[in-house]
Engineer: 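Provided herewith is a single structure, encoded as structure tokens, for subsequent inquiry.
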Amino acid sequence: MNSEIVAAEQNIAIHITEEHQVLADSIKQKLESIPSATTQCSIYRVHEKFRKINEFAYTPEMISIGPLHRRTDSLAAMEDHKLRYVDALLSRTTSIGPNKLEECVAYVKRIEDEARKCYSEPIDLSKDKFVEMMVIDGLFMIELFRRSAGYIKIGQDDPIFGKIWGLSSLVRDLILLENQLPMVVLNCLFNVPALKEELKGVPLNILALQFFDQLMPRGKQVIQTNFSGSEGKHLLDLLGKTFHDLLPKDGKGKKNLWKSIPNVTELKRVGVKFVISSTNCSFLNIKFKDGVMEIPSVIIQDQTDTLLRNFIASEQCCEGHVTYMTSYAFLMDSLINSGQDVGVLRKQGILKNYLGDDEAVAALFNKLCCEVTLANFYYSELCDEVNTYYTSRWHGWGAAFNRDYLSTPWKIASLVGAIILLALTLTSAVFAILSFFIHKS
């Protein structure tokens with residue numbers, strides 16, 4: 001039955017037909033099926049604009065963890081290796097009881113809904129398939145961390161540690177934003193009672209941080225001393241928090257806009273000194289005081305670009321309050337314009353260049369911030385202090401004097417000679433004047 005609605009504003013009669021009703025019902029069904037918004041989401045697809053700049057930095061080349069890359073054919077070979085690791089872990093716990101795997105499944109099944117909500121998109125897997133994937137990937141990673149830490153003897157036929165390139169590629173793949181497993185799953189499996197006897201000892205977060213330490217080395221002792229209580233939503237998040245949780249909590253980074261500063265070469269000309277920081281806990285802890293910039297040492301190697309890009313991509317997906325890695329990238333982009341700037345920092349031990357070419361390091365930092373939005377700049381106050389120092393005439397004159405007259409022993413000798421000559425000239429002039437007045441009197 002047709003009904004009639006009159007649009008009062010236009011005096012147009014509209015007839016709602018059965019066809020309109022069917023289409024409206026279809027739209028209503030879609031509206032009702034919209035998944036509810038959740039703050040638990042922490043694992044995202046990287047935005048296409050970042051992929052266009054560097055596809056490789058966000059794509060696994062050896063192993064798929066979690067659901068986002070599970071159908072990539074080139075990664076299928078590692079699935080059998082995962083199962084071998086899981087079987088090895090379960091086989092060492094035969095004395096505990098016959099139902100270890102069943103207990104793992106039961107525990108993960110209890111948190112299945114929570115784990116699904118950690119992903120930014122619906123996962124088209126049944127409950128059983130999803131839980132199966134979480135259990136296999138989770139147990140594999142636990143076994144991997146324990147083998148890496150030396151708790152399990154590694155055989156010569158090990159598919160990962162037995163290859164020179166295997167471990168390096170795996171470490172890189174496991175810090176990709178799209179290749180993460182919710183930490184709630186890893187913690188759940190690590191605390192399954194049937195496995196506790198085998199897994200007792202070092203906490204899971206410490207095992208994970210030691211595994212990733214080759215990316216930004218700090219040392220086993222530093223990790224165990226400072227990060228035993230560190231937590232994260234996934235492994236990339238855990239690693240990132242160990243760097244920025246140690247920064248001073250003084251309100252910096254709150255609603256501060258990005259501010260550019262001169263590059264290293266320009267700052268050096270006005271007397272700014274670059275020294276390596278004494279801290280080895282966080283490469284983010286950069287300081288500036290009285291013309292001295294303290295920067296923690298950073299190793300620049302093949303995986304550095306991938307690590308920083310995924311840190312930044314993760315921050316770009318969150319609310320925008322945590323922007324430490326993005327702020328670091330913007331600051332370093334200001335400081336480094338060329339290989340000459342890199343060379344200054346390298347000679348001071350601040351940048352340890354394993355890429356070999358200073359220009360390659362400069363290009364790395366200059367490209368990190370392409371298409372990146374910075375909401376809150378952590379180093380805003382530091383940049384204000386640097387710019388104030390840079391624009392001061394006194395510092396400019398002092399630096400120019402040091403550069404022109406005190407930079408080499410020969411220049412210092414020339415300056416001393418000039419001063420002596422000037423002094424002799426003045427002395428001669430004084431004696432001449434005195435002689436004149438004495439003679440006249």
Side-chain angles (χ1 to χ4, degrees), residues 42-44 46-47 49-61 168-169 171-180 209 211-218 232 234-247 253 258 264 277 280-286 295-318 320 322-337 341-342 345-346 350-379:
S42 60
I43 303 171
Y44 304 83
V46 175
H47 198 285
K49 66 180 181 180
F50 299 140
R51 285 192 164 278
K52 288 180 180 178
I53 296 170
N54 190 336
E55 174 80 17
F56 177 73
Y58 310 104
T59 307
E61 62 174 347
S168 177
S169 296
V171 170
R172 176 202 166 275
D173 282 359
L174 294 183
I175 50 97
L176 303 183
L177 177 59
E178 295 181 353
N179 218 28
Q180 296 298 311
L209 292 173
F211 178 76
F212 291 113
D213 193 47
Q214 61 181 279
L215 296 171
M216 290 283 182
R218 290 173 286 187
H234 45 74
L235 293 175
L236 178 66
D237 186 51
L238 170 67
L239 182 59
K241 284 183 176 178
T242 62
F243 289 111
H244 59 68
D245 280 357
L246 294 179
L247 295 176
W258 173 67
V264 169
S277 174
N280 60 349
C281 292
S282 175
F283 65 92
L284 302 173
N285 196 11
I286 300 174
I295 307 178
S297 176
V298 176
I299 289 179
I300 307 299
Q301 56 186 331
D302 290 337
Q303 296 96 339
T304 303
D305 182 68
T306 295
L307 176 65
L308 293 177
R309 285 186 180 277
N310 280 271
F311 276 144
I312 293 169
S314 180
E315 290 184 350
Q316 292 287 289
C317 295
C318 67
V322 179
T323 56
Y324 297 101
M325 299 296 177
T326 310
S327 295
Y328 177 80
F330 271 80
L331 180 65
M332 295 302 286
D333 185 29
S334 282
L335 287 172
I336 296 174
N337 280 353
D341 299 316
V342 174
L345 299 180
R346 176 175 50 77
I350 294 169
L351 294 182
K352 297 180 179 179
N353 183 6
Y354 288 4
L355 298 181
D357 183 7
D358 288 345
E359 292 293 343
V361 177
L364 183 155
F365 283 109
N366 293 159
K367 293 177 181 178
L368 274 179
C369 301
C370 292
E371 298 292 342
V372 174
T373 302
L374 179 59
N376 299 316
F377 187 42
Y378 177 76
Y379 302 102

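What you see is a predicted model, and the numbers here were worked out from it, not measured in a lab. Values below: all heavy atoms of this structure, side chains included; hydrogens, waters and symmetry mates excluded.
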Engineer: Between the side chain of E178 and the main-chain N/O of V46, is any donor-acceptor distance below 3.5 Å?
Structural biologist: yes

Engineer: Which distance, rounded to the nearest 0.5 Å, do you find between the NZ of K241 and the CG of L236?
Structural biologist: 11.0 Å

Engineer: I'd like to check T304 versus L355 (side-chain heavy atoms, cut-off strictly below 4.5 Å). Are they in contact?
Structural biologist: no

Engineer: Quick check: closest heavy atoms across Y58 and R51, and the distance to 0.1 Å?
Structural biologist: O-NH2, 3.5 Å

Engineer: Does any N or O in the side chain of H244 come within less than 3.5 Å of the main-chain N or O of L284, such that one atom is a donor and the other an acceptor?
Structural biologist: no

Engineer: Flag the pair W258 / Y379 as yes when at least one side-chain heavy-atom distance between them is below 4.5 Å, and no otherwise.
Structural biologist: no

Engineer: Hey, does Y378 have a side-chain heavy atom less than 4.5 Å from the side chain of F330?
Structural biologist: no

Engineer: Taking only residues two or more places apart in sequence, or in another chain, which ones meet R218 in a side chain to side chain donor-acceptor pair (under 3.5 Å)?
Structural biologist: T242

Engineer: Show me the side-chain donor-acceptor pairs of residues 305-314 shorter than 3.5 Å, one per line, residues at least two apart or across chains.
Structural biologist:
residue	atom	partner	partner atom	Å
D305	OD1	R309	NE	3.1
D305	OD2	N54	ND2	3.0
D305	OD2	R309	NE	3.1
R309	NH2	K367	O	3.3
N310	OD1	L177	N	2.9
N310	ND2	A57	O	2.8
N310	ND2	T306	O	2.8

Engineer: Is a donor on one side and an acceptor on the other found under 3.5 Å between the side chain of Q303 and the backbone of Q214?
Structural biologist: no

Engineer: Do Y44 and Q316 have side chains that get closer than 4.5 Å, going by heavy atoms?
Structural biologist: no

Engineer: Look only at the side chain of T323 and the backbone of L374, and say whether a donor-acceptor pair between them is shorter than 3.5 Å.
Structural biologist: no

Engineer: Is it the case that the side chain of N179 and the backbone of D173 share a donor-acceptor pair, with hydrogens and angles ignored and the cut-off at 3.5 Å?
Structural biologist: yes

Engineer: So, Q180 side chain and H234 main chain: donor-acceptor pair closer than 3.5 Å or not?
Structural biologist: no

Engineer: In Å, rounded to the nearest 0.5 Å, how long is the span from CZ of F283 to OH of Y324?
Structural biologist: 13.0 Å

Engineer: Can you find a pair of side-chain heavy atoms, one from F50 and one from V372, that are under 4.5 Å apart?
Structural biologist: yes

Engineer: Name the one of D358, L331, L345 that satisfies side-chain contact (heavy atoms from CB on, under 4.5 Å) with I336?
Structural biologist: L345

